[in-house]
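Side-chain atoms are counted along with the backbone in the values below, which use heavy atoms only and exclude waters and symmetry mates. Note that ligands are numbered from 1 as they come in the structure, with each ligand's atoms numbered from 1 the same way. If you're wondering where the values come from, they're calculated on a predicted model, not measured in any experiment.
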Amino acid sequence: MFLLALTALRGDTSAPPINIIPKPNIVVAGSGAFRVDAGTRIAVSGETEGLGYLLESMLRPGTGFPLDVTRRGGRNAVNLRLDRGLTKLGPEGYVLDVRPNGVEIRASAQAGLFYGIQSFRQLLPYQTFRQSATPGLVTEVPCVHIEDMPRFTWRGAMLDVSRHFMPKSFLLKFVDLLALHKMNTFHIHFTDDQGWRIQIKKYPLLTEVGAWHKANKLTDDPTTLNSKPDGGYYTQDDLRELVAYAGARFITIVPEIEMPGHSAAAIASYTTLGNTGKPSRVPGVNEGSPNVLNTSERTIQVYQEILTEVMEIFPSKFIHIGGDEVDKGPWHNNPEVQTQMKDLGLKNEDGLQSWFVGQMDKFLTAHGRRLVGWDEILEGGLAQGATVMSWRGINGGIAAAKANHDVVMAPGEFTYLDHYQSTDHTSEPVAIGGYLPLSRIYGYEPIPASLTPEEARHVLGGQCQLWTEYIPNPRHVEYMAFPRICAMAEVDWSQKDQRSYIDFMSRLRPHLERLQALDVNYRPIDGPVMQAVGTWKSGEMKETFGVHSWPLPNKIDGPGDYKVTFSYTEGACRLDIAWAELVQGDAVLARDEHPGRTGGDTVDNVYALRVRQTPVAGKPCVLRASVRTDGGTDSTGEISFTKQ
Ligand code: ACM
């Protein structure tokens, strides 16, 4: 009886549970809750006003409240306060106190306040992350005291926009998602063989020619087979907008201009940058093309002029120059390069690569910046000021740290998000290979065990990478990135002794509801579950097209990407499909119209259905399709349904 009464009491007063990702250092739950309603104020000072308006803009769509941003503190307010007494938590640390009569977020610097705001948002119900308000939503925040600061200063994610161009709108969304996870570094791989994606005013052909390649022969993923000429680029104005947007969210954009390898797009634009003097074209994904720059004075000058424009756009201290996978054969076969090598007194091509990187290092250092490159820049000797990004395992990082250079840990086997998320490849979109499940990235420890504490100070942090050879569009990026970025965020932010995979998973499940509300196409924890939704049987269909329906009990639980697959199993006749759609009552939630068939040659038998709105709860959804059988009616098969 007594226990029951207690439970009932707690039921009355308890607020939503605390599920913050990445896990804060100290969380002390209080009792009771603070209620955010239309009368709640955001109390700011002159210095914190900008953050106040940012918080207001984050909460407005999901709550519908136009919260007042004001200098007046006191009760029923979320107070944002700079507190120089908190310098012990560093510029990114914060203290968050939620009490029944008010919220206080304190930090010694703006960045810390921003991260306090992110934790505060994650205390609110997931519906507040939606783009439209939920009527009747109770917006209560549990009382709690949180003290928090990050473990590493470089908490990064890299996106390759060369292999597949991603629209600016997606880069902005990605920045928001990184910020939600308290990541602070967005490394963008702007140039590679398959495309040059950044406008350079002095060298316009880099984008006029270099941003485009012919149809990409990518994968056997049916959604990518009909590729058109692929490409695109960002203007300098686009990038300034991105830099400002990211800066307001305490994210540094680290631009990568790849050199001297992976430069086919640049060489296709300006033949004189290459080693053969012969014209070439921008290759498609997985195609070859001459891709190594020559090392002449003129090429170095061109690249330094490019870096000058890059530095004008990006305030980042670090500028990435690539440096990986340089095929040194073209240098060996280029007499001018060989003469230059001898004149410089260099022993071999490794020495030449090191010299080339050294030219860029000196140039960037002279402009107050720092060079970062993939770990191949160690070969032939590391340039003086260089920072190493260790991707071929951890040894490059160890060698650099022992030589007193800073490092960012990005080892392929733990941080490459283009790798498969399951060993069952039949249920996953085609990927480049590898296997990086969530548990493995969560368990990654960025500080190699062989470093002394002194050397370990050179490890700036960890970074995950999204190479896009097999990732053709933003929805697919999201599928590969989430929830693995949630795990990486915790690797980079949370203290080592705070990390527990079981605990992480218990917080991740409710966190995925936030991602869903933000329209993120994350991979479900249990994978893209294929469910049979119906069949067709011999004699049921006609030889002329007609519309048929199959009920979909409880299979559409919110916005998302669904796939419907028609699979012939037996009979003398194939099935032709004209279109498929998801319907609720009179509303068509999603539709895909294209000719498909299954049986004999199976062609385009998958229908991609993107649902943008949340279906009305409790009202049945139906799959509808126009189909016919060919040469008779003896056809049997089944229809399956997958949420991506
Ligand atoms: C790389 O993956 N080539 C850095």
Side-chain angles (χ1 to χ4, degrees), residues 154 156-164 166 185-197 218 254-267 283 285-293 318-330 350 353-354 356-357 360 371-380 382-383 386-400 405-420 431-436 440-441 444 446 459-471 477 480-481 484-485 488:
W154 186 300
M158 187 218 77
L159 179 63
D160 164 13
V161 294
S162 172
R163 271 53 177 267
H164 283 99
M166 301 291 159
T185 305
F186 184 14
H187 165 182
I188 305 184
H189 184 77
F190 279 115
T191 74
D192 207 303
D193 298 331
Q194 285 76 16
W196 185 283
R197 308 281 176 225
L218 174 61
V254 174
E256 179 179 350
I257 305 298
E258 176 84 79
M259 63 186 93
H262 284 282
S263 300
I267 295 167
V285 175
N286 299 331
E287 274 190 305
S289 189
N291 78 347
V292 181
L293 302 175
F318 288 95
I319 305 287
H320 204 301
I321 57 89
D324 59 315
E325 299 182 316
V326 182
D327 170 10
K328 310 214 170 100
D350 279 353
Q353 149 119 344
S354 174
F356 181 94
V357 174
M360 298 303 161
L371 177 147
V372 54
W374 300 108
D375 58 52
E376 286 92 331
I377 65 171
L378 281 153
E379 290 163 10
L382 195 52
T387 293
V388 169
M389 199 166 264
S390 189
W391 74 279
R392 296 176 304 173
I394 61 174
N395 289 340
I398 294 171
H405 285 260
D406 286 343
V407 301
V408 175
M409 299 305 289
E413 61 198 306
F414 291 104
T415 67
Y416 271 35
L417 304 185
D418 55 338
H419 289 184
Y420 275 105
I432 199 162
Y435 175 46
L436 179 62
R440 188 171 170 80
I441 188 165
Y444 177 57
V459 177
L460 303 180
Q463 180 172 288
C464 49
Q465 345 305 317
L466 285 151
W467 300 103
T468 57
E469 287 96 331
Y470 290 82
I471 306 183
V477 172
M480 300 307 276
R484 289 185 292 187
I485 280 184
M488 191 69 203

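Ligand 1 has an N or O atom lying under 3.5 Å from an N or O atom of D324, backbone or side chain. At least one N or O atom of Y416 sits closer than 3.5 Å to an N or O atom of ligand 1.
A salt bridge does not link K328 to E376: none of the charged side-chain nitrogens sits closer than 4.0 Å to a carboxylate oxygen.
Looking at E325 against ligand 1, only its side chain comes within 4.0 Å, counting heavy atoms.
Residues T415 and Q463 have side chains that never bring a donor and an acceptor to within less than 3.5 angstrom of each other. Of the N and O atoms on the side chains of H262 and N291, not one donor lies less than 3.5 Å from an acceptor on the other residue.
Considering every non-hydrogen atom in both V408 and G462, the closest pair reads CG1-C, 4.4 Å.
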